[in-house]
Colleague: 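I am attaching a structure below and will ask some questions about it afterwards.
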Amino acid sequence: MRKLLRRKTTVFAIAILTAIMVVAVFSPRLVPNNPYMMNPRHRLLSPRGAYLFGTDSFGRDVLSRTLVGGRTSLAIGAAVATVSLALGIPIGMMSGYFPLLGLGLMRLVDALMAFPSIMLALAFMAILGRTGMVNVILAVGVVYIPRMARVVYSSTLVLRDIPYVEAARAVGASTVRILLRHILVNLLSPVIVQSTFTFAFSVLEAAALDFLGVGVPPEVPSWGGMINESRLFIVLAPWTVVFPGTFLAVTVLALNLLGDALRDLLDPRLRNVL
Amino acid sequence: MTVFVVRRFLAMIPSAFLVLTVSFFLIHLIPGDPAAVMLGPNATPDQIKALRQSLGLDQPVGWQYVKYVNRVLCGDLGLSIYFQEPVLTVVLAHAEASLLLGSLGILVVIGLGISAGVISAVRPYTWWDRGFLFAALLGASIPSFWLGLMLMLLFASHLKWLPTSGFASVFKTGGLLNLRYLVLPALTLGFVNSALVARVTRSTMLDVLRQPYIDVAWAKGLSGSVVVLKHALRNAAIPIVTVLGFIFAGLVATAVVTENVFAIPGIGRLTVQSVLRRDYPMIQGIMLLVALLYLLINFLTDLIYAVLDPRIRVS
C-alpha cells in the first residue's frame with residue numbers, strides 16, 4: 001500500500017475515485033435539487049447560483065442529475081467486475097488445470113472475443129430488452145467474463161507446472177486444495193489488475209449503450225443517457241453535455257491510472273512492456 | 001511458407017464454426033417466442049405464426065442449425081424484417097461509409113500512434129514522453145461519443161471549418177471533397193484507438209534503440225532521422241503489426257458509436273437501428289460478418305508477421 005501511494009498520480013487517482021464513490025453513495029442526500037423534477041420555465045438555463053451546472057431541455061438540474069447518474073455508472077461497473085470475477089476465475093482455472101476441458105471452453109471464449117465488445121453488448125441488449133440495470137450488467141458482463149477467463153487461464157497454465165505445485169501434488173494434496181491454496185492465491189495479482197480495467201471499460205461500455213439509447217431505462221439518470229438526451233441542444237446549451245461527459249471521462253481515467261499503478265506494482269516485469 | 005499459410009488457415013475453421021454457432025443461438029436466447037418479440041405487441045397471432053414459419057422457428061433446433069449453417073455457407077444470411085431485403089444486400093449498401101471511415105481512422109491511428117511512440121522512445125522520461133503517455137491514457141479513458149460531440153462543437157459549430165454531421169458518397173457523386181464529412185469522425189476514431197499503438201511503438205523502439213547496431217549507426221555519423229526511422233523503426237515494425245487485430249476490434253467498436261454521433265449511414269449505425277427495430281436477422285447477420293472479418297484480419301496479421309519475421313514460419 002505504501003508503495004502504491006508513492007506515486008503522485010496514483011494518490012490523485014485514489015482521491016478522485018474515493019470522492020466520486022462517496023458522492024455517488026450519498027448523492028440522494030447531497031443533491032441541491034430534485035434530479036427528476038421538470039421545470040418548463042427553467043429550460044436550458046446556463047450555470048448560475050441555483051443551478052451550478054445549468055439545466056437541461058426539460059428544466060431539470062444538471063448537477064443533481066450528474067451526481068445521481070454516477071450511481072448508475074459505478075453500480076454497473078462494480079457489478080460487471082464482480083460478475084466477471086465470479087464466473088471468469090472458475091472458468092479460467094478449470095480450463096487451465098484440466099487441458100481437455102480447457103480446449104473446449106477456451107474455444108468458446110475465443111469465439112465470444114471475436115465479436116467486437118459493443119456489438120456483443122448491443123446484441124444482448126436486443127435479446128434481453130431495455131428493462132433494467134440488471135440487463136445492462138448481463139450484456140456488458142458477457143463481454144468481460146471471457147476476457148477475465150482468458151487472463152486466469154493463461155496464468156493457471158504457467159502455475160500448473162511450477163515446481164511447488166508439482167510438489168503439492170506429489171505429497172498427495174487434493175485437486176481442490178491445489179487449486180484453492182496453491183494456484184488461486186498466486187493468480188490474485190493479474191486478477192486484481194484485470195478487474196480494475198474491467199471496471200473502467202464496463203463503465204465506458206455501459207455509458208455508450210446509454211448514449212445509443214439501448215442501456216438502462218430512460219427514466220434512470222445516467223451519464224451516457226444525459227449526453228444522449230442533450231446532444232441536440234449541444235450548441236445552445238453545451239453545459240448539458242460537457243458536465244456529465246467530464247465526470248465520466250475523469251472516473252474512467254482515474255480507474256485506468258489505478259489499474260496501471262497496480263500492474264506496475266504487482267507485476268514489475270510488465271512495467272516497460274505495455 | 002505455403003505449409004504455414006495452409007496450417008494457419010485450417011486452424012481458423014473451428015473458430016469460424018464456433019462464431020457461426022454463437023450467432024445462431026443469438027435468436028434462440030430471446031426469452032419467449034422470438035417471432036412474437038420481433039413483431040412487437042401489435043402483431044396478430046396469424047402474423048406471428050407466419051413469421052415463425054418463414055424463419056423456420058417451428059422446426060427442431062438441431063435441424064434449424066443444420067439449415068442455418070448450410071444457408072450461411074451458400075452466402076445467404078437471411079431476410080431483414082425491416083427492409084424486407086436480403087441481409088447481405090443491406091449490409092453491403094452500408095459498407096462504403098464504414099470502410100471509408102475505418103480506413104481514415106487507421107491512418108489517424110498510425111500517424112498519431114507511431115509518431116507519439118517514436119518521439120517518446122527517442123526522448124524517454126522527458127516531459128514529451130510523459131505528455132504522450134498521458135494523452136494515450138486519456139484516449140483510452142475518454143468516451144468516444146463525448147469526444148466526437150466536443151470536436152463537433154468546436155470545429156463545426158464554433159469555427160465552422162467542417163460540416164457537423166452527415167455523409168456524401170465519394171464513389172457515386174465523385175469528389176474527394178466529400179471526405180470532409182469524415183474528418184471529425186476519423187479523428188475521434190483515431191485518437192481513441194491510437195493509445196495501444198503508441199504504447200507498443202514506444203516500448204519496442206526503446207528496446208531496439210538499445211541494440212548495438214544502433215550504436216554502430218550513430219558511430220558511423222548517420223543523421224538522427226536516418227538512425228531512428230530507417231534503422232530502428234523498421235525493426236520495431238513487427239510487434240506493431242501484431243496489434244493490428246486489436247486495433248480492428250477497437251475501430252469497429254468505436255465506429256458503432258461514432259457513426260451514431262455524426263449520423264453516418266454505415267454498418268455501426270445500422271446495427272444500433274436494427275437493435276431498436278428488433279430486426280434480429282439483421283443483427284445476427286452483422287454480428288457474424290464482423291466476427292468472420294475479425295478472424296480473417298487476425299489470419300492476415302499472422303501472415304504479415306510471418307513474412308516480416310521468418311522465424312515464426314518454422315515454429
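Just so it is clear: chains get the letters A, B, ... in the order the sequence lines come, proteins before strands, and each one is counted from 1. We use all heavy atoms of the structure for the numbers below, so side chains are in, but hydrogens, waters and symmetry mates are not. Note that the structure is predicted; figures quoted are calculated from it, not measured.
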Colleague: Roughly how far, to the nearest 0.5 Å, is CZ of A/Arg231 from CG of B/Asn260?
Modeller: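 Rounded to the nearest 0.5 Å, the CG-CZ separation comes out at 6.5 Å.
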
Colleague: Heavy-atom count around B/Arg123 CZ within 6.0 Å, excluding the residue itself: above 12?
Modeller: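 Atom CZ in B/Arg123 is not packed in, count stays at 12 or less.
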
Colleague: Non-hydrogen contacts under 4.5 angstrom with chain B: give the residues of residues 202-216 of chain A involved, or none if there are none.
Modeller: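 Residues in range: A/Leu204, A/Ala207, A/Ala208, A/Phe211, A/Leu212, A/Gly213, A/Val214.
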
Colleague: Tell me which of these, B/Asn298, B/Leu147, B/Thr21, B/Val261, has more heavy-atom pairs under 4.5 Å with chain A than the rest.
Modeller: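 With the most close heavy-atom pairs to chain A, the winner is B/Val261.
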
Colleague: Atom CZ of residue position B/Phe9 - does it have more than 12 heavy atoms of other residues, nucleotides or ligands inside 6.0 Å?
Modeller: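 Atom CZ in B/Phe9 is not crowded, with 12 or fewer foreign heavy atoms closer than 6.0 Å.
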
Colleague: With rounding to the nearest 0.5 Å, note down the distance linking CG in B/Leu137 to CG in A/Leu257.
Modeller: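 Answer rounded to 0.5 Å: 5.0 Å.
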
Colleague: For B/Met12, is the CE atom crowded, meaning more than 12 foreign heavy atoms sit under 6.0 Å from it?
Modeller: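 Yes, enclosed.
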
Colleague: Just how far is it from atom CG of A/Leu108 to atom CG of B/Leu18, taken to the nearest 0.5 Å?
Modeller: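 These two atoms lie 6.5 Å from each other.
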
Colleague: Can you tell which of B/Leu251, B/Ile142, B/Val256 has the highest number of heavy-atom pairs within less than 4.5 Å of chain A?
Modeller: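 The answer is B/Val256.
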
Colleague: Of all of A/Pro238, A/Ala123, A/Pro116, A/Ala114, which one pairs up most often with chain B through heavy atoms under 4.5 Å apart?
Modeller: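 Ranked by heavy-atom pairs under 4.5 Å with chain B, first place is A/Ala114.
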
Colleague: Of all of B/Asp207, B/Thr204, B/Leu293, B/Leu26, which one pairs up most often with chain A through heavy atoms under 4.5 Å apart?
Modeller: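 It is B/Leu26.
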
Colleague: How long is the straight-line distance from CG of B/Leu276 back to CE of A/Met125, given to the nearest 0.5 Å?
Modeller: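 Between A/Met125 CE and B/Leu276 CG, I get 10.5 Å after rounding to 0.5 Å.
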
Colleague: With a cut-off of 3.5 Å and sequence neighbours excluded, list every side-chain donor-acceptor pair involving residues 282-290 of chain B.
Modeller:
residue, atom, partner, partner atom, Å
B/Gln284, NE2, B/Ser23, O, 2.9

Colleague: Below 4.5 Å from any heavy atom of chain B, which atoms of A/Asn228 appear? Answer side chain, backbone, both or neither.
Modeller: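 Nothing of A/Asn228, per the 4.5 Å heavy-atom cut-off to chain B.
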
Colleague: If you count heavy-atom pairs within less than 4.5 Å of chain A, which of B/Tyr294, B/Phe17, B/Phe145 leads?
Modeller: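 The candidate making the most pairs under 4.5 Å is B/Phe145.
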
Colleague: Specify the closest pair of heavy atoms between B/Trp146 and A/Val242, including all atoms of both residues, with the distance to one decimal.
Modeller: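 Where B/Trp146 meets A/Val242 most closely, the heavy atoms are CZ2-O, 3.4 Å.
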
Colleague: With chain A, which of B/Leu292, B/Val257, B/Val275 has the greatest number of heavy-atom pairs at distances under 4.5 Å?
Modeller: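 That would be B/Val275.
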
Colleague: How close do B/Leu29 and A/Ile127 get, heavy atom to heavy atom, and via which atoms?
Modeller: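 For B/Leu29 and A/Ile127, the tightest heavy-atom pair comes out as O-CG2, 3.5 Å.
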
Colleague: Considering residues, nucleotides and ligands other than B/Leu10, do more than 12 of their heavy atoms fall under 6.0 Å from its CG?
Modeller: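 Atom CG in B/Leu10 is packed in, count exceeds 12.
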
Colleague: What are the residues of residues 243-256 of chain A, in order of number, with any heavy atom under 4.5 angstrom from a heavy atom of chain B?
Modeller: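 The residues closer than 4.5 Å to chain B, in numerical order, are A/Gly245, A/Thr246, A/Leu248, A/Ala249, A/Val252, A/Leu253, A/Asn256.
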
Colleague: Show every side chain to side chain donor-acceptor pair (under 3.5 Å) that has at least one partner inside residues 247-259 of chain B, sequence neighbours left out.
Modeller: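 Sorted pair list: B/Ser98-B/Glu259, B/Asn193-B/Thr254.
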
Colleague: Who among B/Val252, B/Leu20, B/Leu149 has the most heavy-atom pairs with chain A under 4.5 Å?
Modeller: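 Of the options given, most contacts go to B/Leu149.
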
Colleague: In terms of heavy-atom contacts, does OH of B/Tyr82 have more than 12 from other residues, nucleotides or ligands at under 6.0 Å?
Modeller: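 Counting neighbours around OH of B/Tyr82, 12 or fewer heavy atoms of other residues, nucleotides or ligands fall under 6.0 Å, so no.
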
